S.K.: 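Quick one: structure below, then a few questions.
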Amino acid sequence: TNTGLEVTAGGMTVEEDGLVVTAGGMTVSAGGVIVRNGAMTVNGDVYLATSPTIGSDRRLKTNITTIEDALEMVQALRGVKYNWIGQDSIPADDTLSRSLTEAQELRQYLQGITFDSLRHVGLLAQDVQAVLPEAVGNIHGGRFLGIKYADLVPVLVEAIKSVDKSVESMQQQQQQLQLQMRQEKESCGELISVVEALKARVRELEKRNQQLRTEMEASGGADNAAVT
């Protein structure tokens, strides 16, 4: 209805077919809202005083496997800024693979659905569907796609762990390279010491050789004088 739905006490439970409030909003003062089957569709903002809790108990799960190639998934996604289209602003757009006929059908379907005019940030459902179809679902009776953003958190967790492993591996390689450089520097130092010692020995031998030459020349001169 246009006046919305207000529950002041006792809460509200929907057993089948979900809950749709088309205008006026919904306020539950106490007791909460339980939708046992179906879904709840909101075309507008949802304000929560606390964070929602999503069922995730290990005991309720089976076929558990670790997400592989999480970093590649994240790299394949594109964060975008966007505005929602309006009923009066749905042009045919080749970049969006939207023909004129599709634009007309979309305009007709969006009658009665109002989006805000604010600037938003997010992902494109088709991009997510290409790498992680589990995080994409049908909305508006299967006409459009929506993203289960909470399902992206585990992917981000594994992607961060992957990056951390890469960084750790690079750090280990850097440490090994630094150790190798220190060892090579020490070896170079030892070689330099050996070379300097050899130079000193050569200088000493050259000096000794010069002394012997001088002595031999002196001795030869004395012998010539004696003969004369």
Side-chain angles (χ1 to χ4, degrees), residues 4-5 12-28 32-56 60-61 63 65 67-99 101-159:
L5 173 65
M12 179 175 64
T13 301
V14 180
E15 295 289 348
E16 297 288 344
D17 297 331
L19 172 67
V20 177
V21 179
T22 58
M26 179 178 69
T27 301
V28 179
V33 177
I34 300 175
V35 180
R36 299 191 188 280
N37 292 292
M40 182 167 65
T41 300
V42 179
N43 291 322
D45 294 327
V46 177
Y47 300 98
L48 302 173
T50 59
S51 300
T53 300
I54 300 175
S56 191
L60 301 177
K61 300 179 181 182
N63 299 326
T65 58
I67 298 172
E68 301 291 341
D69 302 324
L71 183 58
E72 287 77 5
M73 292 181 187
V74 173
Q75 290 175 330
L77 300 179
R78 179 168 65 105
V80 297
K81 295 182 179 181
Y82 63 93
N83 290 97
W84 292 114
I85 60 175
Q87 186 178 351
D88 298 329
S89 59
I90 309 177
D93 192 335
D94 292 337
T95 62
L96 298 177
S97 300
R98 182 191 299 145
S99 66
T101 301
E102 290 172 332
Q104 292 173 344
E105 292 177 352
L106 183 58
R107 186 179 296 108
Q108 182 179 2
Y109 179 75
L110 289 179
Q111 290 181 357
I113 298 179
T114 302
F115 295 113
D116 61 51
S117 59
L118 301 176
R119 192 72 169 157
H120 295 275
V121 296
L123 302 171
L124 302 179
Q126 284 79 358
D127 292 347
V128 178
Q129 188 179 47
V131 296
L132 190 67
E134 298 88 343
V136 175
N138 294 319
I139 60 175
H140 292 284
R143 291 178 179 267
F144 305 105
L145 298 176
I147 298 175
K148 307 170 189 176
Y149 278 96
D151 287 7
L152 297 178
V153 173
V155 179
L156 296 177
V157 169
E158 292 302 318

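These numbers come from a predicted model, not from an experiment. Along the sequence shown, the residues carry numbers beginning at 1.
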S.K.: Considering only heavy atoms from C-beta outward, does the side chain of Leu123 approach that of Val80 to under 4.5 Å?
M.R.: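 Contact flag for Leu123/Val80 side chains = no.
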
S.K.: Looking at Leu152, Asp127, Ile67, which hits side-chain contact (heavy atoms from CB on, under 4.5 Å) with Leu132?
M.R.: Leu152

S.K.: Can you see which heavy atom on Ala135 is nearest to which on Val128, and at what distance?
M.R.: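 Smallest interatomic distance, heavy atoms only, reads CB-CG1, 4.0 Å.
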
S.K.: Using modelled atom types and a 3.5 Å cut-off, is there a donor and acceptor pairing between side-chain atoms of Asn138 and backbone atoms of Arg143?
M.R.: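 Looks like no, no N/O pair under 3.5 Å.
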
S.K.: I need the minimum non-hydrogen distance between Met73 and Glu68, along with the two atoms involved.
M.R.: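 Smallest heavy-atom distance, with atoms named: CE-O, 3.5 Å.
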
S.K.: What is the minimum heavy-atom distance between Val74 and Ala159, and which atoms define it?
M.R.: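 The answer is CG2-CB, 3.8 Å.
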
S.K.: Taking all non-hydrogen atoms of both residues into account, name the closest pair between Ile54 and Ala150 and its distance.
M.R.: CD1-CB, 3.7 Å

S.K.: Measure the spacing between CZ of Arg119 and CG of Asn83 and express it to the nearest 0.5 Å.
M.R.: 5.0 Å

S.K.: For Leu124, does its backbone N or O pair with a side-chain atom of Tyr82 as donor and acceptor, under 3.5 Å?
M.R.: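 Here the side-chain-to-backbone pair does not exist.
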
S.K.: Take a 6.0 Å sphere around CZ of Arg78 and say whether it holds more than 12 heavy atoms from other residues, nucleotides or ligands.
M.R.: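 For Arg78, atom CZ is not crowded (no more than 12 foreign heavy atoms under 6.0 Å).
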
S.K.: At their closest point, which heavy atom of Ala76 faces which heavy atom of Val131, and how far apart are they?
M.R.: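 Closest approach of Ala76 to Val131: CB-CG1, 3.7 Å.
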
S.K.: Considering only heavy atoms from C-beta outward, does the side chain of Val136 approach that of Lys148 to under 4.5 Å?
M.R.: no

